[in-house]
Amino acid sequence: MAKYIFVTGGVTSSLGKGIIAASLAKLLQARGLKVTIQKFDPYINVDPGTLNPYEHGECYVTDDGAETDLDLGHYERFLNIPTSQANNVTTGRIYQTVINKERAGDYLGKTVQVIPHITDEIKNRMLLLGKGGKYDIVITEIGGTVGDIESLPFVEAVRQIQWELPEEDCMVVHLTLIPYLKAAKELKTKPTQHSVRMLSQEGVQPNVIVCRTEQPLTEDLKKKIALFCNVKPNAVIEAMDASTIYEVPLKMLQEGLDVIVLKKLEINGYAAPELTKWRAFLDKLKYPQSKVTIGLIGKYIELQDAYKSILESFIHAGAINECKVQIVNVHSEFITHENVKEKLKDLDGLLVAPGFGNRGVEGKIIAVQHARENQLPFFGICLGMQMAVIEFARNVLGWKDAHSTEMDEKTSHPVIDLMEDQKNISNKGGTMRLGAYPCEIQKDSLAYNIYGTATISERHRHRWEFNNKYITDFEKAGLIPSGKNPATGLVEIVELKGHPFFIGVQYHPELKSTVENPQPIFVSFIKAAKEYSEKKNTVKTSSLQGEMSS
Ligand code: GLN
């Protein structure tokens, strides 16, 4: 049996519970323990797959095809191990299971209630990953804020687990905010006291308090928090704002969070933390040798969480290239033929983002055309790849109304079409082509150069696909389908002959980039952007020299 750590949040949302949970997990992993993290979300949606990115940020997808909360992305990026269906559970999923059991008659005539039936189902799922010997420690992040009505059954389940398990097998870390009042020049502990009191009223006494703060906590303040929140002074941990989320594990190490946890869980004989790779990554991240500017063309750019994994992948790929990647967000809805040159003029590379529906697609197509015609490094992901296919069909093959049937059902050239097995699907939840599928890469291609292997596996989330009816037309004209699903022939990768770096992928490579394993396409894309930028600068300098000598 594994040991369990629960992470709750108080005072306000957006404190970064996911990052604290992932940082603690990283430290325990670095000390030789096998750790996983799971997230329990209190909303009624069965999963976040049907949520608009504006509501909930990016929908993260696991290898086994679960549509999950974006925190799972952090867990994978930090721990470098995959998560699965079991790592994200919502209230909706709990109720769905309980109601299905009720309909099947499994409760044998009993009245089905929140306690014990809902809480039992929550507990089963909370303990599930810890059975089977795969992990020493399971960290469970409880979504929402303590005091919310909807998270009550989760907190009650934690209370029961704490009561059922031996003292040393379970603990609670509570993340809270210590606000700084500028006018009073003081850090305030009262909101934290209240949130811990609320948690205690629900029957859960935290063992560790992690305090998000903009100012350092003095020893006196820590003592005060400890006294009023009923924990030992060394169990009050300062979590100052960090310049990057990847610094948080080192800050937590300094504060001794992992040691307190190991003591409470009575885990002895642990190794010193092995963080050499992590530190090397951070060094490269902090001291880049060069800089590139990448345009992120999307329609959800007001909300950066919508492209979380893409942005993090750029951080990983930048670090390994010792290059700062500056992202310029370009709203695709406002790109026109008239302004495209001006809008994209400072870029060293262009990424066209995934997406759904009609809004903003014409701007994406115009941006692709600009990259294709100006030798600007281009990387299209999912819808971004589909837009590259449409652009090529319209402007190179001359099929003026070429489109995806997602946007135009009547187009005479449906170069992107609904997948056959999607045609009879009416339910929206969990029905896309989801999760990891293999892809066979053609040798002598850019993709093969990038991956260095012919068989890869990447994760998917889409309903439309490249229409194979047109494959030879595209190939003849220079857009090469260089990667295909070996079983179905579905085109997974397209690339452009004669262009320094032009690649579109039907899958989501950003979902597999981690600190220790930066995703290869992102790494090569940044390399190409660096070369583009160097070339641009040489041209600038030589024309400047020309001007000065003439
Ligand atoms: N809307 C497109 C499809 O479903 C692209 C999806 C995406 O970008 N994730 O095929």
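Counting starts at 1 for both ligands and their atoms, following the listed order.
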Enquirer: Any nitrogen or oxygen of Gly355 lying under 3.5 Å from a nitrogen or oxygen in ligand 1? Just yes or no.
Expert: yes
Enquirer: Ignoring hydrogens and geometry beyond distance, is a side-chain donor-acceptor pair present between Asn87 and Thr36 at under 3.5 Å?
Expert: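 Distance-only check passes for Asn87 and Thr36.
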Enquirer: Looking at atom 7 (C) of ligand 1, what's its closest protein heavy atom, distance included?
Expert: Cys382 SG, 2.9 Å
Enquirer: With heavy-atom distances below 4.0 Å as the criterion, list the atoms of ligand 1 near His508.
Expert: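 Counting from 1, the qualifying ligand atoms are 9 (N).
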Enquirer: Within 45° of the ring axis of Tyr437 and under 6.0 Å from its six-membered ring centre, is that where the NZ or CZ of Arg433 lies?
Expert: yes
Enquirer: State whether a side-chain donor-acceptor pair under 3.5 Å links His460 with Glu492.
Expert: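 Short answer, yes.
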Enquirer: Using heavy-atom distances, let me know which of Arg463, Met385, Glu406 sits nearest atom 2 (C) of ligand 1.
Expert: Glu406
Enquirer: Any idea which part of Glu465 is under 4.0 Å from ligand 1, heavy-atom wise: side chain, backbone, both or neither?
Expert: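 Contact part for Glu465 vs ligand 1: neither.
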Enquirer: Give the residue and atom name of whichever protein heavy atom lies nearest to atom 9 (N) of ligand 1, and the separation in Å to one decimal.
Expert: Arg461 O, 3.0 Å
Enquirer: Just by distance, do the side chain of Asp148 and the backbone of Thr145 share a donor-acceptor pair under 3.5 Å?
Expert: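 Judged by distance alone, yes, a pair lies under 3.5 Å.
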Enquirer: Using heavy atoms and a threshold below 4.0 Å, how should the contact between Met432 and ligand 1 be classified: side chain, backbone, both, or neither?
Expert: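 No part of Met432 comes within reach of ligand 1.
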Enquirer: Looking just at side-chain N and O atoms, do Glu495 and Ser482 make a donor-acceptor pair shorter than 3.5 Å?
Expert: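 A pair is found: one side chain offers a donor N or O, the other an acceptor, under 3.5 Å apart.
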Enquirer: Got the closest protein heavy atom to atom 10 (O) of ligand 1, with its distance?
Expert: Trp464 N, 2.9 Å
Enquirer: In sequence, state the C-alpha distance, the side-chain angles, and the governing distance for Arg125 and Glu121, and then conclude on salt bridge (Lys or Arg N to Asp or Glu O under 4.0 Å).
Expert: CA-CA 6 Å; Arg125 296 204 180 226; Glu121 184 59 36; 3.1 Å; yes
